[in-house]
Amino acid sequence: MKKYYLLAPGPTPLPPEVLQALARPILHHRTPEFEALFARVRGGLRELHGTRGEVLILSGSGTGAMEAAVVNLCSHGDRVIVIRCGKFGERWAEICQAFGVEVLALDAPYGESVAPERLAAALREHPEARAVLATQSETSTGVLEEIEAYAALTRAGETLLVVDAVSSLGVVACPMDAWGVDVVVSGSQKGLMCPPGLACIALSERAWARVGRADLPRFYWDLTGERAWQARGQTQFTPPVSLLMGLDAALGLLRAEGLADVYRRHARLARATRAGVEGLGLGLFAKATPSPAVTAVVAPPGIDGEAVVRAYGEAHHITIAGGQGEMRGTLFRLAHLGYVGDFDVIVALAALERVLAGLGHPVDFGAGLRAAQKALEEA
Ligand SMILES: *Cc1c(COP(=O)(O)O)cnc(C)c1O
């Protein structure tokens with residue numbers, strides 16, 4: 001027997017409380033019992049988003065909620081600004097282009113982010129831009145984007161700020177109402193400690209006003225119809241009821257820990273991971289602010305990042321993630337989001353020492369662990 005560890009940035013491990021909830025008998029979705037569950041989950045999600053507005057629950061992966069945002073907010077021929085510094089920023093642009101929405105891309109090299117000053121200039125140059133699409137935690141590069149600063153630029157004007165928080169919800173704060181963020185999309189399989197399959201979209205009042213005027217085609221993702229159903233305590237179509245029971249349990253765990261402590265835990269584990277990686281003489285891929293969800297590590301010279309990922313899996317039964325797209329082979333990613341604690345970081349780093357040694361890289365055994373342990377003690 002080899003114990004299995006899941007340390008990838010989604011799906012993430014599930015707490016026992018969530019697993020038990022998932023195993024409960026199914027509820028029918030047109031019953032008062034379901035309505036009570038659904039109301040509780042929607043209330044918990046509102047808290048998590050820091051909004052008194054509407055949070056809709058959708059059946060699909062995070063990308064489904066991204067598409068729902070585009071087709072409900074945009075019209076054919078609209079122009080939008082896309083903050084693009086990784087694979088998920090690129091996905092925003094691809095979705096827009098698929099629907100005939102014109103993309104004005106603000107690009108930064110992988111590992112970097114787009115300074116708020118650049119967005120300010122783009123908004124001055126393109127006051128007609130209908131929305132800014134950004135990614136709070138760019139999971140592909142391990143960079144945290146400056147959503148609060150972006151919101152400070154958009155909230156006074158007509159341009160909406162739409163944020164992909166798939167890997168940051170429940171990991172780092174994104175208080176919609178306080179910051180003035182218009183739309184937040186997320187998925188269940190990352191910081192929310194649930195299986196994949198549920199997505200969320202939260203919309204401000206001014207985003208709803210836009211939904212009324214947007215003319216892109218939509219049926220399954222029609223949020224106007226969905227809003228009316230969810231206000232009555234049900235979903236328009238059959239939801240993954242078991243996943244909602246799991247999400248109810250997960251939101252209960254987040255509430256019991258306290259959101260401020262949830263965010264502190266993630267920041268601390270991320271700090272310790274970075275300290276451990278640097279303690280081994282390896283470099284961080286993120287040059288901008290690193291994400292508290294995932295640490296992208298530059299593969300040392302002569303070592304293929306994919307070989308690191310394979311060795312974690314084959315030699316140690318640990319799933320981590322490699323580089324996406326053009327970054328394949330140049331980096332590997334250690335996740336620390338969701339149901340994670342101090343010793344998940346220790347496992348990831350202890351295995352890293354063994355993996356690197358196994359690949360012929362000189363390793364001072366314990367150097368990564370020593371640095372991480374110190375960081376955990378100090379924090
Ligand atoms: C995981 C992820 C997504 C969504 O991916 P799905 O596979 O569709 O759930 C979107 N954005 C970011 C930043 C992610 O990390």
Side-chain angles (χ1 to χ4, degrees), residues 6-14 45 49 56-71 82-96 98 108 110-114 132-147 150 161-174 181 183-202 220-221 240 243 246-247 250 266 270 285-286 288-296 319-325 327-328 331-340:
L6 178 54
L7 299 174
T12 60
L14 307 183
L45 287 172
H49 284 81
L56 301 181
I57 301 168
L58 308 175
S59 307
S61 82
T63 307
M66 295 171 76
E67 179 168 320
V70 170
V71 298
V82 175
I83 308 280
R84 200 162 61 170
C85 46
K87 299 316 286 182
F88 293 101
E90 290 169 16
R91 185 169 300 179
W92 270 135
E94 287 161 19
I95 296 170
C96 290
Y110 294 151
E112 296 179 23
S113 71
V114 171
V132 174
L133 308 179
T135 312
Q136 190 177 21
S137 165
E138 179 43 87
T139 318
S140 65
T141 63
V143 164
L144 190 71
E145 289 179 3
E146 296 177 61
I147 301 302
Y150 295 165
L161 178 61
V162 181
V163 176
D164 167 354
V166 178
S167 71
S168 53
L169 189 69
V171 174
V172 60
C174 184
V181 175
V183 178
V184 170
V185 300
S186 60
S188 50
Q189 78 275 27
K190 307 211 173 164
L192 292 182
M193 307 182 286
C194 283
L198 283 173
C200 297
I201 182 164
Y220 190 69
W221 291 144
L243 296 185
L247 183 55
H266 283 95
F285 189 76
T289 309
S291 167
V294 59
T295 298
T319 302
I320 64 161
Q324 294 171 262
M327 291 172 276
R328 189 177 164 85
L331 61 84
F332 58 92
R333 293 174 295 151
L334 305 173
H336 29 73
L337 76 165
Y339 183 52
V340 285

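Atoms within each ligand, like the ligands themselves, are counted from 1 in listed order. Heavy-atom basis, side chains included; hydrogens, waters and symmetry copies ignored. Treat the numbers as computed from the prediction; the structure is a model and nothing was measured. The first residue of the sequence shown is numbered 1, and numbering continues consecutively from there.
- In this structure, the side chain to side chain contact (heavy atoms under 4.5 Å, CB included) partners of Thr12, at least two apart in sequence or on a different chain, are Leu337.
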Less than 3.5 Å apart, N/O on ligand 1 and N/O on the protein: could you list those pairs with the distances?
from, atom 1, to, atom 2, distance (Å)
ligand 1, 8 (O), Ser61, OG, 2.5
ligand 1, 8 (O), Gly62, N, 3.4
ligand 1, 8 (O), Thr63, N, 2.9
ligand 1, 8 (O), Thr63, OG1, 2.5
ligand 1, 9 (O), Gly62, N, 2.9
ligand 1, 9 (O), Gln189, NE2, 2.7
ligand 1, 11 (N), Asp164, OD1, 3.3
ligand 1, 11 (N), Asp164, OD2, 2.5
ligand 1, 15 (O), Thr139, OG1, 2.4
ligand 1, 15 (O), Lys190, NZ, 2.7

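- In the model, Ser137 has no side-chain atom that pairs as donor or acceptor with a side-chain atom of Ser168 under 3.5 Å.
- In this structure, the side chains of His49 and Val181 stay at 4.5 Å or more apart for every pair of heavy atoms.
- For residues 82-92, every residue pair satisfying the side chain to side chain donor-acceptor pair (under 3.5 Å) rule, not counting sequence neighbours, is listed here: Thr63-Arg91, Arg84-Asp107, Lys87-Glu90, Lys87-Glu326, Glu90-Tyr110.
- Side-chain atoms of Glu138 never come within 3.5 Å of backbone atoms of Glu145 as a donor-acceptor pair (strictly under, hydrogens ignored).
- Annotation: side chain to side chain contact (heavy atoms under 4.5 Å, CB included) contacts of Thr289 (sequence neighbours excluded): Leu144.
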